[in-house]
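Structure first, commentary second.
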Amino acid sequence: MNFKIYTDGSCLGNPGAGGWAAVIVDEKNNREELFGGEEHTTNNRMELTAAIKALEKISAGDRAELFTDSSYLKNAFTNGWLVKWKRNGWKTSTKNPVLNKDLWLTLDELISSRNVNFNWVKGHAGNFFNERCDELARSTAEKFQRGILKNPPLQKNSSPKKTIPRGQLSLFD
């Protein structure tokens, strides 16, 4: 199958309370929203977690266009950073340890069995699905910050019968 995936991470303080979100749209324009968070984390960890959780929902062999407003996430794959980090023993070009190695390893494994293209989308610029991810991630981070959420459960909101945003016939046209 083919999917369009939008992801975002949010952190109130960095580190601080964080949230992540993903919207997955399939070829029939069925939409699934995923979101969760952590009490104490960083924005980059939330960006990577959003991509991981979304890619875990699609099967090996599936194709996905993943849209993110995180240059950190996109560039690791499109600019060859991940390949260089692995070749350098998980060290950056300045010989510092790569941060979030645990999440990069998980992403690398998921990507190896799926056909994923990474795309950058400008955040807070009116893209419907990016804005939705931002809303879900930020609201989850706020709940952790206020103590409403204590444990980071995966929350799922499936809504396959939602209509496509006005003026958009299909994500696959």
For a side-chain contact (heavy atoms from CB on, under 4.5 Å) check, start with the C-alpha distance between Lys4 and Phe67, then their side-chain angles and the critical distance, and finish with the verdict.
CA-CA 8 Å; Lys4 302 282 183 180; Phe67 296 87; 3.9 Å; yes

Derivation and outcome, side-chain contact (heavy atoms from CB on, under 4.5 Å), residues Arg45 and Asp102:
CA-CA 10 Å; Arg45 287 191 70 79; Asp102 58 327; 2.9 Å; yes

Walk me through whether Thr78 and Asn117 qualify under side-chain contact (heavy atoms from CB on, under 4.5 Å).
CA-CA 8 Å; Thr78 62; Asn117 290 318; over 6 Å; no

Please evaluate residues Val116 and Leu110 with respect to the criterion side-chain contact (heavy atoms from CB on, under 4.5 Å), reporting the C-alpha separation (whole Å), side-chain torsions for both, the decisive distance (0.1 Å), and the verdict.
CA-CA 9 Å; Val116 181; Leu110 288 165; over 6 Å; no

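Asn43 approaches Asn14 most closely through the heavy-atom pair N-OD1, 2.9 Å. Between Gly19 and Ala141, the closest heavy-atom pair is N-CB, 3.6 Å. Shortest non-hydrogen contact noted between Gly18 and Phe144 is O-CD1, 3.8 Å. Gln145 and Ala17 get closest at one heavy-atom pair: N-CB, 3.6 Å. Shown here for Ala54 and Ala22, the closest heavy-atom pair between the two residues is CB-CB, 3.7 Å. Between Ile52 and Leu103, the closest heavy-atom pair is CD1-O, 3.6 Å.
Judged by distance alone, with hydrogens and angles left aside, the side-chain atoms of Asp69 form no donor-acceptor pair with the main-chain N or O of Lys122 at under 3.5 Å. The closest donor-acceptor contact from the side chain of Glu131 to the backbone of Gly126 lies under 3.5 Å. Although no hydrogens or angles enter the test, the distance criterion places a donor-acceptor pair under 3.5 Å between the side chain of Glu27 and the main chain of Asn2. Of the possible donor and acceptor atoms, one in the side chain of Ser112 sits under 3.5 Å from a partner among the backbone N and O of Glu109. Using modelled atom types, one side-chain atom of Asp62 and one backbone atom of Ser59 make a donor-acceptor pair closer than 3.5 Å. The main-chain N or O of Trp81 is never found under 3.5 Å from a side-chain atom of Asn79 such that the two would form a donor-acceptor pair. Arg132 places no side-chain N or O within donor-acceptor distance of the main-chain N or O of Phe128, the cut-off being under 3.5 Å.
Between Lys86 and Asp108 a salt bridge is recorded (basic side-chain N to carboxylate O distance below 4.0 Å).
Defined by atom type and a distance below 3.5 Å, a donor-acceptor pair is present between the side-chain atoms of Tyr72 and Asn100. In this model, no donor atom of one side chain and acceptor atom of the other lie less than 3.5 Å apart for Asn44 and Thr42.
Hydrophobic clustering, with ILVMFWY side chains joined whenever heavy atoms are under 4.5 angstrom apart, keeps Met46 apart from Leu12. At a threshold of 4.5 Å between side-chain heavy atoms, the hydrophobic network of Ile, Leu, Val, Met, Phe, Trp and Tyr places Met1 and Leu34 in one connected group. Under the 4.5 Å side-chain heavy-atom criterion for grouping Ile, Leu, Val, Met, Phe, Trp and Tyr, Trp20 is connected to Leu105 within one hydrophobic cluster. Put simply, Trp85 and Val83 are part of two different groups of oily side chains (I, L, V, M, F, W, Y) that touch within less than 4.5 Å, one to the next.
Relative orientation of the Phe77 and Trp104 rings is tilted, given thresholds of 30° and 60° on the angle between their planes.
The shortest side-chain heavy-atom distance between Leu107 and Leu73 falls under the 4.5 Å cut-off. The shortest side-chain heavy-atom distance between Trp120 and Ser71 falls under the 4.5 Å cut-off.
Considering OG1 of Thr49 and CD of Glu38, their distance stands at 6.0 Å, rounded to 0.5 Å.
For Glu56, the CD atom is densely surrounded, since the number of other residues' heavy atoms within 6.0 Å is greater than 12.
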